[in-house]
Amino acid sequence: MPPRDSQDAPTPRAGGIAARAQAGAAPARYLAGLNPEQRRAVEALDGPVLVLAGAGTGKTRVLTTRIAHIIATGRARTQEILSVTFTNKAAREMKHRIAMLIGDVAEGMQWLGTFHSISTKLLRRHAELVGLRSDFTILDTDDQIRLMKQVIRAENIDEKRWPARQLAFLIDGWKNRALTPEKVSAGEAASFAGGKGQKLYAAYQERLKTLNACDFGDLLMETIRLFQDNPDILKSYQDRFRYILVDEYQDTNVAQYLWLRLLAQGRRNVCCVGDDDQSIYGWRGAEVDNILRFEHDFPGATVIKLERNYRSTGHILASASHLIANNEGRLGKTLFTDGESGEKVTVTGSWDSEEEARLVAEEIEQLQRKNHSLNEIAILVRASFQMREFEERFVTVGIPYRVIGGPRFYERAEIRDALAYFRCVCQPADDLAFERIVNVPKRGLGDATINVVHEYARGQQIPMIQAVRFIVETEELKPKPRQTLRELVDSIARWASMLDTTPHHELCETILEESGYTAMWKADRSADAAGRLENLKELIRSMQDFENLRAFLEHISLVMEAASGEAEDRVTIMTLHGAKGLEFETVFLPGWEEGLFPHPRALDEQGRAGLEEERRLAYVGITRAKRRAKLYFASNRRIHGMWNATIPSRFVDELPEANVEVTEGAGSGFGGYGRQGGGASRFDQMQPFGASSYNTPGWQRAQKAGTRPGSTGGGFGEAFRGGSAGPQRQPLLIEGELLAKSTGVVSSFTVGARIFHVKFGYGEVSAIDGNKLTVDFDKAGRKMVLESFVQVA
DNA sequence: GGGGGTAAGTTTTTT
DNA sequence: ACTTACCCCC
């Protein structure tokens, strides 16, 4: 069992590399371990470069070595290199690895960070040019929604019918595409509140400016605006950044792409690294097309493919490759490995999800007996609700585990409350923070009082805290709330005056004490009150790592994760999305069933593209495994509390027989896949004629497993279903395919037409998109339906 | 202002 | 089936 040549292992620290290479000594040692393609990607410094790096091909190594190379050859200094990642985690990891290569010089990499953190830095420098002050606040999703509620209310729109969440979702989508309110197409803007979408968006943006605030989308959009409106400033940054590097390029959205293109069009020394097969964030605006567009926007770009995989064994790699080959929209890479074939990928069926968890736990215990490190084992699920069953099982049998994801530290109510207090002190214009804490703990300041303050602040165009200072000098409020408010703003002013003289963590502790916030939780007898106080202590503790309160607030507004540094040996439970970029010796992939994976919502909303994205997710899952990939599916799973009979995922069928071993859950008595009526409700609207539950697409697919064009060889479906003598064989029907074909079709319906739908009854067409109709049903409310299931009433 | 009852929404997640 | 958010009433 030879040790795997893991390309992701950092190269040993080599002290004076930079100095030596600069002096023109022998080829630097850091280049030695690279394969020819990797080396080419590192050394192609001039002009645009696109590196298509498959899973496990040493992508991060190329990026970090390239930076080391730029510095070592004296092409640029650390502060002249812009390197962009998506997550803070990735940025941290990259900085760390660069430090391993070139030492402390990496500290000078001040332009290494996420799109958002770099944008923030740029905006703080030039805030006045986009109508902000340099101490602008960054709002998180929660603040965004609260603000949108206010905006919707101000327009006298029914919040019930037009929820702020939905508006937030729309505006987010627009910002992902760098659409300012004026640029939103009329058709899209019409899809909210009967055409008020655009107006609300504009109003929201205006409110943000008054609040001196940005949401996450604005960070990118305002930076783009800054560059577009100020060519001289753009020019100065184009000149400064001699080299630009981008990680995970397949995850960029339109706004990020424009951002990047503006900066890169200067020196054109831009290097993007990505893998179209690992694009799994389309649902939040990522555009794989950006990869395809690269060569168009940067003519003459060098394209380098990294296809040698250093991570997985032959069987695992073959399985993943075969699966992903079912996707149409690919640039097409063929991964290969010189390593051994290793163990086959296993597929195991179980009766239900509980048995699935038991089987996985048993496997883990066996591996444990063979001294397999638990840190090298991961359970990757499609949806987080699957995690609970594994946790329960692991608790009963005593397998240590850690869950990645879940509710995040900075999203907890007590943390957000505390932060709101700190924000009030640091950023006096932060109305959202003020509103959050004005009556927490309870001070007897109800809606009536707040409204008075609100009105006054609006009228005078001043922040609420300032408005309070005026109001308490008037007779407008009753004595009691007046006095309470006065005390509150006096306290805030007092705390603010201590900012420069008191260590910030002490000040914050004082704020929480004096405001009565800690006392509130101490008085609370509910079970989690103690935990909340603990969290607050943790918050105070963690802020000591920062220079001042301002820096701390900046950090957490951009980094919504708390550092967790436990090193014990534990199994990791996480979502497939969370696993991107990671690797484990053994990977368990439970829940490969229709109705869960591919996830129906992805098919509903994105059609064929959604299915392909789900398949890429499956690909990401399998390619996380170095030596063992173990798939599972259950015949019964409880979803939203209801038991559903389920059939294996189509992705199981798409695995190559030669590399996969089918096992059965021991003594499970499983084997029946007949649908006993019921279930499958999501297909109902697709099957208006189908009284029989055997008409569901999933069932049909099960019947014709292995006969799919384009899928080589027989699928495994049969192995589990014991052959099939289904009713009629109808063509594979994906809801998504119907939806996908719908775009561009001219509808025969008109807005305002009365229609009848087989499932939802009578309604009125309110919008048309291809052959998708948005209909306000008399009984069922607003729904998006396919034209083909609708007739004129 | 707090508590209880009802209604709605339950994929993935960063920043 | 379950949680969470909101509304209304006390």
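Note that the structure is a prediction, hence the values are computed from the model and not measured. Each chain gets a letter, A, B and so on, in the order the sequences are listed, and its residues count up from 1.
- S384(A) comes within 4.0 angstrom of sugar-phosphate atoms only, judged by non-hydrogen atoms across all strands, and of no base.
- R402(A) and T572(A) are linked by a side-chain donor-acceptor pair at a separation below 3.5 angstrom, with hydrogens and angles left out of the test.
- If W283(A) and V559(A) are placed on DNA chain B by their nearest nucleotide, the residue sitting closer to the 5' end is W283(A).
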ask   = Where along nucleotides 4-10 of chain C does protein come under 4.0 Å, by heavy atom, of base (B) or sugar-phosphate alone (S), with - for untouched nucleotides?
value = --SS---
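- In this model, no donor atom of one side chain and acceptor atom of the other lie less than 3.5 Å apart for Q278(A) and K59(A).
- Comparing atom distances between the T141(A) side chain and each of dT15(B), dT13(B), dT11(B) picks out dT15(B) as nearest.
- Residue I639(A) is out of contact with every strand shown, counting any heavy-atom pair closer than 4.0 Å.
- Residues that satisfy the ring pair (Phe, Tyr, Trp, His ring centres under 6.0 Å) test with Y201(A), not counting sequence neighbours, are W174(A).
- For the pair D215(A) CG and dT15(B) P, the computed distance is 15 Å after rounding to whole Å.
- Atom-to-atom, CG of L596(A) to P of dT12(B) comes out at 10 Å; the value is rounded to the nearest Å.
- In this structure E487(A) satisfies the salt bridge (charged side-chain N to carboxylate O under 4.0 Å, His left out) test with no other residue, sequence neighbours excluded.
- When heavy atoms are screened at a 4.0 angstrom cut-off, D251(A) is found touching no nucleic acid atom at all.
- Residue-nucleotide stacking is present for H640(A) and dT10(B), judged by a side-chain ring centre under 5.5 Å from the six-membered base ring centre and planes under 30° apart.
- Evaluation of F86(A) against the base of dT14(B) yields no stacking contact (centre distance < 5.5 Å, interplanar angle < 30° required).
- Listed nucleotides dT13(B), dT11(B), dT15(B) differ in distance to R382(A); the shortest reach to its side chain belongs to dT11(B).
- Using a 4.0 Å heavy-atom cutoff across all strands shown, G405(A) reaches no nucleic acid atom at all.
- Listed nucleotides dT15(B), dT12(B), dT11(B) differ in distance to E605(A); the shortest reach to its side chain belongs to dT11(B).
- Counted within 6.0 Å of CZ on R165(A), heavy atoms from surrounding residues, nucleotides or ligands total 12 or fewer; the atom is thus considered open.
- Look at NZ on K121(A): it is 17 Å from C1' on dT15(B), rounded to the nearest Å.
- Out of dT12(B), dT14(B), dT11(B), the shortest distance to the side chain of H599(A) is found at dT11(B).
- Toward the 5' end of DNA chain B, the nearer of the two residues N88(A) and L445(A), judged by each one's closest nucleotide, is L445(A).
- Donor-acceptor pairing under 3.5 Å is recorded for the side chains of N290(A) and T252(A).
- OP1 or OP2 of dT13(B) has not a single side-chain nitrogen or oxygen of T87(A) nearer than 4.0 Å.
- Across dT15(B), dT14(B), dT11(B), the shortest atom-to-atom separation from the side chain of F216(A) is found for dT15(B).
- With both ends at atom P, the span from dC2(C) to dT13(B) equals 23 Å, rounded to whole Å.
- In summary, the side chains of N644(A) and N636(A) do not present any donor paired with an acceptor at a separation below 3.5 Å, with no hydrogens or angles considered.
- At the phosphate of dG1(B), OP1 or OP2 sits under 4.0 Å from a side-chain N or O atom of N439(A).
- One finds a salt bridge joining D215(A) and K175(A) here, because a Lys/Arg side-chain nitrogen approaches an Asp/Glu carboxylate oxygen to under 4.0 Å.
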